[in-house]
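Take a look at the structure below.
Any value given below was found using the heavy atoms of this structure, including those in side chains, with hydrogens, waters and symmetry copies removed. All of these numbers come straight from a predicted model, not from anything done at the bench. Both ligands and their constituent atoms are indexed starting at 1 by order of listing.
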Amino acid sequence: MEAGRRSSTKPVQSLKPTKTVSVDEDLTKASDALPLPLHLSNAVFFTLFFSAVYFLLSHWREKIRTSTPLSVVTFSEIIAILAFVASFIYLLGFFGIDFVQSLILRPQTEVWNSEDDDEVADVLLHKEDARKVPCGQALDCSLPPLPPPAPIVTVQKVLDENPVTVLTEEDEEIIKSVVAGTTPSYSLESKLGDCKRAAAIRREALQRLTGKSLEGLPLDGFDYESILGQCCEMPVGYVQIPVGIAGPLLINGREYSVPMATTEGCLVASTNRGCKAIHLSGGATSTLLRDGMTRAPVVRFGTAKRAADLKLYLEDPDNFDTLAVVFNRSSRFGRLQGIKCAIAGKNLYLRFTCTTGDAMGMNMVSKGVQNVLDFLQTDFPDMDVMGISGNFCSDKKPAAVNWIEGRGKSVVCEAIIKGDVVRKVLKTTVESLVELNMLKNLTGSAMAGALGGFNAHASNIVTAVYIATGQDPAQNVESSHCITMMEAVNDGKDLHISVTMPSIEVGTVGGGTQLASQSACLNLLGVKGASKESAGANSRMLAAVVAGAVLAGELSLMSALAAGQLVKSHMKYNRSNKDVSKASS
Ligand code: ADP
């Protein structure tokens, strides 16, 4: 991926979690006993401990030899005993108690340690960050204040009541029959009427059949009923993806905390920095240009002339109202906007566009299209429907038709970034950014023959937000179409940046949006479910957030590139010091 950050020479804080601290814990350590570096304190007390022990033992041996009672204690022995006790307490406090506590107590709260002096974090972790919510806090290196106890409200079923799945003897029989092939794996849910049990049995059968362990892929802690018939078939567990928060992203006067599900180091931090630059410059403005999901069936005739007849019929404005009535029967929300046709010989591609409310809308538009095709069959009985989707739609494939005509939500998002924010937060200059944008995002992409790829890394942000909010991640292909423009404004002092994204395909109802985790992320953005004010307002707002987050991501990565910091920050945040071979074994 392309993502990055800048660096400067100032001492700053690191994002590395170098130590785990309980917020309840007393932070005074045994090593604070002397105002010396840790290794010197340890050396002093070790020396003291062994010297005292040696001194006392040799003295007491001498006393025993000369028959002097041990109870007669000399001044030097008192000093030695005190030294022994002091050093013993220190060593126990340093090694013993910490060690025992680490075995007994689990840490409660991870905090980011601020020891590291990489300046990258200077940008991201600034204490004077004026923004109100969460990124500043989330990345703050100081110990967080204890939050007031809040009542825990369970809105949706997230975790199972029975966290550990135990297979019974009856299950064992079913596993054997799945392994033997007498019970089809796909039939387990309907056969057992218990989705979780079905998943556990399928999983065990799979392990036996393949001889491969699924350890590490969790089974417990997921509501398998919620995906039945909608999101995933034949489940055997679920993959965990961390969700980070970038923001607050200020768009059209509102702040959003943007959830991003990713395993890519730098991405959230980089987007967060972009959000900060936008916020400090007064926010971004996002404008919806159009909103319409498309579906394009392919139909075939005996002659090209007949295909052309249908094309002319569909494009005749006098026929639109009739077709719209037929189409709109499919849903309360699907409203036909237009039909665009393309001919290839005897074959006709009919690209229907319709509004879809808060749904991404693929099902909705497909139903409407089916209605129209059935209706057309009366006047065009020689029409052969070859496929409800003929790829002129175009879904999940790079295609110029989406780039030019748009699909889903077409959005343009812009901001004017103040010159001093470019310098202080992004650590580069307006001039460098404008020049690099021209060379990379415009000329470079043209040289590469790009199709909608006139940007630095829009797909990074689009995909992370899509996964977090339950969108179809495969639609990142066209949803990431984006042209990033940069221009010096206000006598060259400030930067005007915009992202134009013609095909953002998002919904806040249907598909994966109703699952517990994804729904929580939509809720965080304030766009969960169907909008109560006006149908489609939530999904349009989500599209604005996607575009705004892309704007932030573009700003930050381009700045990192302009400042020449990309490789450095990636080596730091994408290459942890963990021994990968150990982790994999
Ligand atoms: P998609 O068309 O994106 O695949 P689905 O068909 O799975 O989505 O989900 C849309 C469903 O949600 C439809 O049955 C629709 O009637 C219902 N729905 C409820 N409220 C809304 C709304 N505000 N906007 C769109 N659809 C809605």
Side-chain angles (χ1 to χ4, degrees), residues 155-156 223 225-233 288 290-297 324-339 350-373 387-391 393-397 402 406-411 462-463 465-480 501-519 521-523 525-546:
V155 180
Q156 260 178 294
D223 179 6
E225 311 288 337
S226 69
I227 57 170
L228 183 67
Q230 182 142 21
C231 294
C232 181
E233 299 75 38
L288 185 88
R290 70 188 276 294
D291 180 6
M293 183 41 70
T294 65
R295 176 57 91 200
V325 168
V326 174
F327 184 98
N328 296 349
R329 276 184 210 137
S330 66
S331 160
R332 287 177 290 153
F333 303 98
R335 293 290 168 264
L336 185 67
Q337 293 175 323
I339 308 169
L350 304 73
R351 192 172 190 259
F352 291 78
T353 310
C354 75
T355 58
T356 57
D358 286 308
M360 180 275 287
M362 286 301 299
N363 286 330
M364 211 177 274
V365 67
S366 300
K367 282 186 212 159
V369 167
Q370 189 60 56
N371 289 349
V372 174
L373 290 176
I388 184 87
S389 168
N391 273 9
C393 316
S394 176
D395 194 37
K396 304 175 184 176
K397 278 133 337 231
N402 295 333
R407 186 168 200 253
K409 276 86 176 149
S410 305
V411 178
V462 168
T463 309
V465 177
Y466 272 31
I467 294 173
T469 58
Q471 310 305 311
D472 187 336
Q475 288 184 322
N476 85 83
V477 175
E478 59 271 29
S479 295
S480 302
M501 303 180 69
S503 40
I504 300 178
E505 296 150 335
V506 287
T508 58
V509 299
T513 63
Q514 38 89 29
L515 299 179
S517 319
Q518 291 82 339
S519 173
C521 290
L522 287 170
N523 192 41
L525 288 169
V527 297
K528 180 178 157 181
S531 165
K532 291 189 181 64
E533 281 106 54
S534 104
N538 277 357
S539 64
R540 289 196 287 268
M541 201 178 283
L542 179 57
V545 168
V546 170

What is the closest protein heavy atom to [atom], and at what distance does it sit?
atom                    : value
atom 4 (O) of ligand 1  : N363 ND2, 2.9 Å
atom 13 (C) of ligand 1 : M364 CE, 4.3 Å
atom 8 (O) of ligand 1  : A359 CB, 3.8 Å
atom 12 (O) of ligand 1 : V509 CG2, 4.0 Å
atom 24 (N) of ligand 1 : D358 N, 2.7 Å
atom 27 (C) of ligand 1 : F333 CE1, 3.3 Å

Heteroatom proximity flag, [X] to ligand 1, N/O under 3.5 Å:
X    : result
G357 : no
S531 : no
G536 : no
G361 : yes
R332 : no

To the nearest 0.5 angstrom, please state how far the [atom1] atom of [X] sits from the [atom2] atom of [Y].
X    : Y    : atom1 : atom2 : value
E478 : M501 : CD    : CE    : 11.0 Å
T353 : I339 : OG1   : CD1   : 9.0 Å
F327 : M364 : CZ    : CE    : 9.5 Å

Measuring only between side-chain heavy atoms, which start at C-beta, is [X] closer than 4.5 Å to [Y]?
X    : Y    : result
I504 : Y466 : yes
R295 : Q370 : no
Q471 : V546 : no
E505 : K396 : no

Which ligand 1 atoms are under 4.0 Å away from a heavy-atom of G510? 7 (O), 9 (O)
For M360, the atoms of ligand 1 under 4.0 Å from one of its heavy atoms are 3 (O)
Heavy atoms from other residues, nucleotides or ligands near CD of E233 exceed 12 (cutoff 6.0 Å): no
So if I apply the side chain to side chain contact (heavy atoms under 4.5 Å, CB included) rule between N538 and each of T508, L525, L522, V506, which one comes out positive? T508
Please state which part of T356 comes within less than 4.0 Å of ligand 1, counting heavy atoms only: side chain, backbone, both or neither. backbone
Might you point out which heavy atoms bring A537 and D358 nearest each other, and give the distance in Å? N-OD1, 3.4 Å
Got a protein heavy atom sitting under 4.0 Å from atom 10 (C) of ligand 1? yes
